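Data first, discussion second: the structure below is written as structure tokens.
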Amino acid sequence: MDGVNFASQDYLSLSGHPEIKAAAREAIEDYGVHSAGSPALVGNTSVSIALERRIADFLDTEFVSLFPTGWAAGFGVIKGLVRPNDHIVIDALAHTCLQEGAQAATRNIHLFGHNDLAAARDKLTTIRAMDAHNGIMVVTEALFSMNSDTPDIAALQELAHEFDATLVVDVAHDLGAMGPGGQGHLGLQAMVGNVDLVMGSFSKTFASNGGFVAAKHRAVTEYLRFYASPNTFSNALSPIQAAIVLKAFDIVESPEGDRLRQTLMENIQLLRGHLHTAGFEIYGAPSPIVCVKMGTESIARLVSRHLYAQELVANLIEYPAVAKGHARFRLQVMANRTDADILTAVRGIATSHRHACIEQSDSAIPPSAPGGVF
Ligand SMILES: Cc1ncc(COP(=O)(O)O)c(C=O)c1O
């Protein structure tokens with residue numbers, strides 16, 4: 001596929017960074033290419049153990065378990081810790097790895113309205129009125145991947161503790177790419193070290209497949225080592241992946257990381273500004289996820305057909321990833337996108353949308369249709 005790429009997840013553009021490539025080459029020399037076992041057996045290397053320590057320090061937690069993918073970490077933290085009689089109170093828009101982990105763990109799943117604290121409280125009150133003993137896990141994300149919005153994490157953590165529940169926050173999209181020192185929304189909300197369980201992915205910012213769960217107690221990570229199947233019964237991260245992520249943390253925490261995050265945010269603001277000027281509605285708050293509202297699937301698919309000719313690569317998101325009638329294009333911004341790339345993206349969407357409107361109405365473009373200025 002040719003065109004400017006706003007569909008890949010490499011928010012700080014680290015995947016081609018010379019130090020990352022050098023770290024991968026060095027790991028091959030030092031450890032070979034394969035971990036050759038699950039983390040519960042012989043799959044760990046000194047580099048993966050160093051990575052666990054590094055993430056624990058970064059998040060001001062004590063212990064970390066690595067997983068072969070972010071998906072496995074999300075599924076595993078829930079399936080590994082929740083028993084059939086326990087309860088899960090989960091944001092209705094939480095990622096599929098969290099929803100499917102919940103379904104695999106228990107039938108007692110209570111969805112609450114997206115980022116709606118009052119609704120989460122209602123669910124917890126109802127559960128505790130009938131069950132004072134079993135565990136409750138509350139599950140949310142720090143940056144929602146289709147809406148670019150964020151819950152009040154401190155309030156949710158307080159709420160969880162009020163009902164003797166455990167909070168899990170998925171930081172896949174913001175860790176490294178946003179917030180002071182790359183600490184994401186946990187950092188922005190002064191919640192680093194204050195959340196029960198943090199789960200994340202390396203695939204958005206840390207230039208590798210892989211994921212992790214961070215906890216305050218060794219008992220939790222030890223339990224995950226033996227009861228979270230994707231950790232116990234799946235091959236560990238390769239030493240190359242572990243070395244890449246370790247080096248990515250070096251960059252994320254350095255002045256270069258600060259500069260990359262600043263450039264990324266400037267790109268995000270420029271893209272959102274131009275899209276807004278062109279008349280489009282954008283979901284949520286500024287983040288590397290810029291979702292452009294299309295509405296019906298019919299118009300969104302028509303727009304999608306034109307994007308290729310406009311040399312723009314962007315993902316069309318529709319049901320079941322989002323509700324019916326809420327189709328959108330998800331543009332994922334990277335630090336190394338240029339102003340020209342951003343203009344191409346906005347022109348691409350605007351022109352495609354104008355063509356789609358003509359096709360759909362088989363007449364002139366409605367004056368209110370977005371895209372006029374571009
Ligand atoms: C919020 C969220 N959690 C977890 C994952 C899974 O991460 P990975 O793709 O690294 O397995 C994703 C990826 O799409 C995600 O968006």
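Every number for a ligand or one of its atoms is a count from 1 in the order of the listing. Bear in mind that the values here come from a model prediction, so they are computed numbers and not experimental data. We count residues from 1, following the sequence as given.
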**Message:** What verdict does the side-chain hydrogen bond (donor to acceptor under 3.5 Å, both in side chains) test give for Tyr11 and Gln332, after you've listed the backbone C-alpha separation in whole Å, the side-chain angles of each residue and the deciding distance to 0.1 Å?
**Reply:** CA-CA 8 Å; Tyr11 297 146; Gln332 289 179 287; 2.8 Å; yes
**Prompt:** Against heavy atoms of Ser203, which atoms of ligand 1 measure under 4.0 Å?
**Reply:** 8 (P), 9 (O), 10 (O)
**Prompt:** Should the pair Phe206 and Phe202 be assigned to parallel (<30°), tilted (30 to 60°) or perpendicular (>60°) ring geometry?
**Reply:** perpendicular
**Request:** Taking the six-membered ring for Trp and the single ring otherwise, decide whether the centroids of His173 and Phe144 are under 6.0 Å apart.
**Result:** no
**Message:** List ligand 1 atoms under 4.0 Å from Ser201, heavy atoms only on the residue side.
**Reply:** 7 (O), 8 (P), 10 (O)
**Prompt:** What protein heavy atom sits nearest atom 3 (N) of ligand 1, and how far away is it?
**Reply:** Asp170 OD2, 2.6 Å
**Request:** Decide yes or no on side-chain contact (heavy atoms from CB on, under 4.5 Å) for Asp174 and Leu188, but give the supporting numbers first.
**Result:** CA-CA 10 Å; Asp174 56 320; Leu188 288 166; over 6 Å; no
**Prompt:** Within a radius of less than 6.0 Å around CD of Glu311, do more than 12 heavy atoms belonging to other residues, nucleotides or ligands occur?
**Reply:** no
**Asked** Can you tell me which residue and heavy atom of the protein come closest to atom 16 (O) of ligand 1, and the distance to 0.1 Å?
**Response** His173 NE2, 2.6 Å
**Request:** Take every heavy atom of Gly74, measure it against each atom of ligand 1, and state whether any distance is under 4.0 Å.
**Result:** no
**Asked** Are Phe212 and Phe67 an aromatic pair by the rule of ring centers under 6.0 Å?
**Response** no
**Side-chain donor-acceptor pair present, Ser46, Tyr31, cut-off under 3.5 Å** = yes
**Nitrogen or oxygen atoms of Gly210 and ligand 1 under 3.5 Å apart** = no
**Complete:** Under 4.0 Å from one or more heavy atoms of Glu141, ligand 1 contributes atoms 1 (C)
**Message:** Please list the nearest protein heavy atom to atom 5 (C) of ligand 1 with its residue and the distance rounded to 0.1 Å.
**Reply:** His95 CE1, 3.5 Å
**Prompt:** Does the pair His161 and Asp196 meet the rule for a side-chain contact (heavy atoms from CB on, under 4.5 Å), with working shown?
**Reply:** CA-CA 10 Å; His161 284 174; Asp196 295 327; 2.9 Å; yes
**Geometric N/O contact Lys204 with ligand 1, under 3.5 angstrom** = yes
**Closest approach of any protein heavy atom to atom 6 (C) of ligand 1, naming residue and atom** = Trp71 N, 3.3 Å
**Message:** Give the atom numbers and elements of ligand 1 that come within less than 4.0 Å of a heavy atom of Ser145.
**Reply:** 16 (O)
